[in-house]
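A, B, ... follow the sequence lines: proteins, then strands. Residue 1 opens every chain.
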2 protein chains.
Amino acid sequence: MSDLLGRLRGRGWRMTSQRRVVAEVLDGDHVHLTADEVHARAARRLPEISRATVYNTLGELVSLGEVTEVSTDGRAKRYDPNAHHPHQHLVCSGCGTIRDVHPTGNPLADLPAEERFGFTVSEVEVTYHGLCPSCARSAHLDA
Amino acid sequence: MSDLLGRLRGRGWRMTSQRRVVAEVLDGDHVHLTADEVHARAARRLPEISRATVYNTLGELVSLGEVTEVSTDGRAKRYDPNAHHPHQHLVCSGCGTIRDVHPTGNPLADLPAEERFGFTVSEVEVTYHGLCPSCARSAHLDA
DNA sequence: TTCTTGACTTGGACTCTGTCCATCGTAGGA
DNA sequence: TCCTACGATGGACAGAGTCCAAGTCAAGAA
């Protein structure tokens, strides 16, 4: 994700201050922000940026393959700027925190042909669910 | 999922006509319905059933472990009555159809301890994405 | 069988996430 | 510098889901 701005310019992206700010927000910490969180952080630098623009820009970054969408629960989608390094996700069922993980093995190979029902399978998404250390502690206290 | 009603009664569920109808809808075809689809089918038998009741009942079935929630895209959650047989999902990126699949291998074992960040990992969800035969055909025609 | 009561249902208001659109502004080439 | 098409704006709208006060009824008690 580094030098994202350069790559975007190279692809003929018209560079506006709004797009720059959104890209910079994503280029910062490798956390998994919701669209609203991206908007909030972008607005700290560019107060008048609109939600619609953030949604548009995120959508474009996704279709350019610079960012991937993650929808772990049924709530807001999260945006993962780590699109150039294949990885999976580990999600805390308590607080929703997401961490990137790199399991061994190849789950695509684990799906036998007779279980594919004629589908052209192109991608596998593996999501590990559990409790992060701090949520595990509070769950223990509750019991 | 068969004899769901019996199991629920055994657990002290107060049996109302609304809950019975919702359970019967799920007990039918093993498709993956959205809450609204469940509501529509339930309303065919019990026209005055409300959306809130359908949501409540689905939520209870989920916490009882009789039904699992699947949120593949960012759209509506789907409800999978096949909770007693472990399986994964194969989703068509075109039309959203979901099929149950049974991959070999154990993805939980594929996550090394140093990639767990102290989490208590309890569950893995594997989602295969691709195009179903009919969507693959129309994609081909478009090209 | 009837009574009683607390669990369940209802429907409408509300929230949250996301999309759409008409209008305005501006990046970047001529 | 000027033009213009592409991008931004914000407000209306839509879909999914939650909440709540008031009414209803399943099932145990008498």
Which sits closer to the 5' end of DNA chain C, V54(B) or S17(A), going by the nucleotide each is nearest to?
V54(B)
Tell me the bend of the helix from dT1(C)-dA30(D) to dA30(C)-dT1(D) as the angle between end helix axes, each from five pairs, rounded to the nearest 10 degrees.
20°
What's the OH-P distance between Y55(B) and dT10(C), to the nearest Å?
15 Å
Please list, pair by pair, any protein nitrogen or oxygen found under 3.5 Å from a nitrogen or oxygen in nucleotides 13-16 of chain C.
none

Got a sec, which residues hit side-chain contact (heavy atoms from CB on, under 4.5 Å) with P107(A), two or more places apart in sequence or on another chain?
V124(A), V126(A), Y128(B)
Between R9(B) and K77(B), which has a closest nucleotide on DNA chain D that is more 5'?
K77(B)
Do the side chain of R51(A) and the main chain of H39(A) share a donor and acceptor less than 3.5 angstrom apart?
no
Sidechain-backbone polar pair: T53(B) side chain, I49(B) backbone, donor-acceptor under 3.5 Å:
no
For the ring pair H89(A) and H32(A), is the centre-to-centre distance below 6.0 Å?
yes
Shoot me the first and last contacting nucleotide of DNA chain D against chain B, ordered 5' to 3', at under 4.0 angstrom to non-hydrogen atoms.
dA16(D) to dA27(D)
S71(B): side-chain contact (heavy atoms from CB on, under 4.5 Å) partners, not counting sequence neighbours
K77(B)
Counting any heavy atom closer than 4.0 Å, what does T53(A) reach on the DNA or RNA strands: base, sugar-phosphate only, or nothing?
base
Looking only at atom types and distance, does a side-chain atom of E115(B) sit under 3.5 Å from a main-chain N or O of P112(B), one as donor and one as acceptor?
no
Main-chain N/O of V91(A) paired with R99(A) side-chain donor or acceptor, under 3.5 Å
no
Dump every N/O contact between nucleotides 20-26 of chain C and the protein below 3.5 Å, one line per pair.
unit_1  : atom_1 : unit_2 : atom_2 : d
dT26(C) : O2     : R14(A) : NH2    : 2.9

More than 12 heavy atoms from other groups under 6.0 Å of CZ on R75(A)
no
Return the value, rounded to whole Å, for the distance between atom CD of E60(B) and atom C1' of dC8(C).
9 Å
Would you find a donor on one side and an acceptor on the other, under 3.5 Å apart, between the side chain of T68(A) and the backbone of A83(A)?
no
Rounded to whole angstrom units, what separation is found between the CE atom of M15(A) and the C1' atom of dG28(C)?
13 Å
For Q88(B) and H102(B), does a side-chain donor sit closer than 3.5 Å to a side-chain acceptor?
no
Can you tell me if N82(B) and H85(B) form a side-chain donor-acceptor pair at under 3.5 Å?
yes
Round to a whole Å and report the spacing from NE2 of H39(B) to C1' of dG11(C).
11 Å
Looking at E60(B) and T57(B), would you say the former's side chain and the latter's main chain have a donor-acceptor pair under 3.5 Å?
no
Answer yes or no: does atom CZ of R116(B) have more than 12 heavy-atom neighbours from other residues, nucleotides or ligands under 6.0 Å?
yes
